[in-house]
2 protein chains.
Amino acid sequence: MKDSLIELHHTADERLRRDGQRYTANRRALVDALGDTDRPLSMGELLERSEGMAQSSAYRNLSILEDAGVVHRLVTSDDTARYELAEDLTGHHHHVICDTCGSVLDIDAPPELERGVHALAESVAATHGFVVAHHRLDLVGTCAACASARR
Amino acid sequence: MKDSLIELHHTADERLRRDGQRYTANRRALVDALGDTDRPLSMGELLERSEGMAQSSAYRNLSILEDAGVVHRLVTSDDTARYELAEDLTGHHHHVICDTCGSVLDIDAPPELERGVHALAESVAATHGFVVAHHRLDLVGTCAACASARR
DNA sequence: CTTTCTGCAAACGATTTGCAGCAGC
DNA sequence: GCTGCTGCAAATCGTTTGCAGAAAG
C-alpha cells in the first residue's frame, strides 16, 4: 500500500469523474485515511485523521465516494457505521468483530471456504431467484484487549 | 414450529425469571411474533403484529429479551435493526439480504461450509487471541421482487 | 403492599439537509 | 461566471429514557 497510493487516488478520481464529481482535498483526505489502514474506520477515527474537516462534509463525501464505488460503508452491531475502501481496491476479505468494543479487524479466508460460499450463493440464486452480489463473513466475539479487561 | 410454541414460551419464561424479569403479555406477544416467522422482523413489522403495544415498550422488551438470551438483534446495512429468536431456539442459520429493500431471508449452509468457518475461527483465535463466540454469513444482493421492479 | 411494567412524552445520538459563501474549472 | 463543494446550524429518524400510574406476585 505504498506506491499504489498514487494509483488509488487515480482510480478514485476517475470513478468520481464518471459520476460528474470532483476529487477535492476533502475527498482525497478521506481516501488517504482509508488507504492507510488495515481495518474499517469509524466516523470519529476518520475525523481525527482529516484535520479540520466538518463532520457533515465527511458524511456527505463518504456517501458520494460510496456511490462512486470507491468506499464501502458497513454496519456491524453497535449503531455506528464504519468505512473501508471498496473491495476491488483492497482485495476480498472478511471481518473479525469485537462485540464488546466494536473494533474490527480484516482477515482473509482460505480459497476452499470462499468456494463453498459461492456454491451456496448459486444454490440460493437457483432456489429463490435472488441475485447474490457479494457476501459477508464475520467472526464475532471478544478481542484480546476486551477479554483481558473483563477480568 | 407448531407445538414447540409451548416449549418456546416455557423457555422464554424461564430465561426471563433467571434474570429476575416477568414474562408479561407484551413480551409473550413479541416472542409469539418472532416464533411465527422464518425471517428477522423489523420494529415496524413487530408492532403490526403486536396490537396496541407502545413502541417504547417493544424496544425495552426486546432489549430485555436479548439480555435474557431469548432474542437476537441484528443490523444489516440499512440503519434499522431487525429481531429474531436466539440461535439456540431456532437452530443455526444464515441470512440472504436484499440491499435494495432491506428484506432478510433465512437459509442454512452445508455442514462442510460450517466446518470451514470454524476452522477459520480457530486460526484467528490462535493468531490474534480473539475469542470467537459466533459467526455471521450473509449473502447480499437483490431479491427477486426488487430485481423485477428495477426494470 | 412492593416491585416491575407500561404508555406517554421528552431526550439522545448518529446521520442528513438547507443555506449562504468559497472554490474548481 | 457557473456549478459544485464546504461549513454551520437546524432538522430527521431510529432508539432510549424519565416519570407517574397500572399490573403482577
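Bear in mind that the values here come from a model prediction, so they are computed numbers and not experimental data. The chains referred to below are lettered A, B, ... by the order of the sequence lines, with proteins before strands, and numbering in each begins at 1.
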> Has A/Asn26 got a side-chain N or O lying under 4.0 Å from the OP1 or OP2 atom of C/dA23?
Replying inline: no

> Taking atom types as they are modelled, is there a donor-acceptor pair under 3.5 Å from the base of C/dT15 to the side chain of A/Arg73?
Replying inline: no

> Contact class for A/Gly52 (heavy atom, under 4.0 Å): base, sugar-phosphate, or nothing?
Replying inline: sugar-phosphate

> Atom CG of B/Leu16 and atom C1' of D/dG25: how far apart are they, to the nearest Å?
Replying inline: 16 Å

> In whole Å, what is the span from the CD atom of A/Glu45 to the C1' atom of C/dA14?
Replying inline: 15 Å

> Charged N to carboxylate O below 4.0 Å: is that the case for B/Arg28 and B/Asp32?
Replying inline: no

>> Return whichever of B/Tyr23 or B/Met43 has its heavy-atom-nearest nucleotide of DNA chain D closer to the 5' end.
In response: B/Met43

> A/Leu47 has an atom CG; how far is it from atom P of C/dA14, in whole Å?
Replying inline: 12 Å

>> Donor-acceptor pair, distance only, cut-off 3.5 Å: does the side chain of A/Thr11 make one with the backbone of A/Glu7?
In response: yes

>> Whether B/Thr24 contacts C/dT6 is assessed here as follows: a side-chain N or O lying under 4.0 Å from the phosphate OP1 or OP2. Is that the case?
In response: yes

>> Can you tell me how far apart CG (A/Leu85) and CD (A/Glu87) are? Round to the nearest 0.5 Å.
In response: 11.5 Å

>> Taking the minimum atom-to-atom distance to the side chain of B/Arg22, which one of D/dT6, D/dG25, C/dT15 wins?
In response: D/dG25

For nucleotides 9-13 of chain C, which of its nitrogen or oxygen atoms have a protein nitrogen or oxygen under 3.5 Å away, and what is each distance?
none

> What residue among B/Asp36, B/Leu65, B/Asn61 forms side chain to side chain contact (heavy atoms under 4.5 Å, CB included) with B/Val31?
Replying inline: B/Leu65

>> Whole angstroms only, please: what is the CG-P distance between A/Asp19 and D/dC5?
In response: 11 Å

> In terms of hydrophobic clusters joined by side-chain contacts under 4.5 Å, are B/Val70 and B/Tyr83 together?
Replying inline: yes

> Starting at the 5' end of DNA chain D and moving along, which residue's nearest nucleotide shows up first, B/Ser57 or B/Asp79?
Replying inline: B/Asp79

> What is the distance from CG of B/Leu74 to P of D/dT15, rounded to the nearest Å?
Replying inline: 12 Å

>> What residues from residues 58-68 of chain A pass a heavy-atom cutoff of under 4.0 Å to DNA chain D?
In response: A/Arg60, A/Asn61

>> For B/Arg39, run the side chain to side chain donor-acceptor pair (under 3.5 Å) check against B/His93, B/Glu45, B/His95 and tell me which one passes.
In response: B/Glu45

> To the side chain of B/Arg17, which of C/dT15, D/dG25, C/dC25 is closest?
Replying inline: D/dG25

>> In this structure, how many angstroms lie between the C1' atom of D/dA24 and the CG atom of B/Asp13, rounded?
In response: 13 Å

> Rounded to the Å, how far apart are A/Gln55 CD and D/dA10 C1'?
Replying inline: 14 Å

> For the pair made of CZ in A/Arg27 and P in C/dA23, what is the distance, rounded to whole Å?
Replying inline: 16 Å

>> Students often mix this up, so state it plainly: with edges at 30° and 60°, are the rings of A/Tyr23 and A/His9 parallel, tilted or perpendicular?
In response: tilted

>> Quick check on the hydrophobic clustering: are B/Leu139 and A/Val75 connected, directly or via other members, by side-chain heavy-atom contacts under 4.5 Å?
In response: no

> Near B/His10 NE2, under 6.0 Å, is it more than 12 heavy atoms from other residues, nucleotides or ligands?
Replying inline: no

>> What contact category does B/Gln21 fall into here, base, sugar-phosphate, or nothing, at under 4.0 angstrom with non-hydrogen atoms?
In response: sugar-phosphate

> Taking only residues two or more places apart in sequence or in another chain, which ones pass ring pair (Phe, Tyr, Trp, His ring centres under 6.0 Å) with A/His134?
Replying inline: none

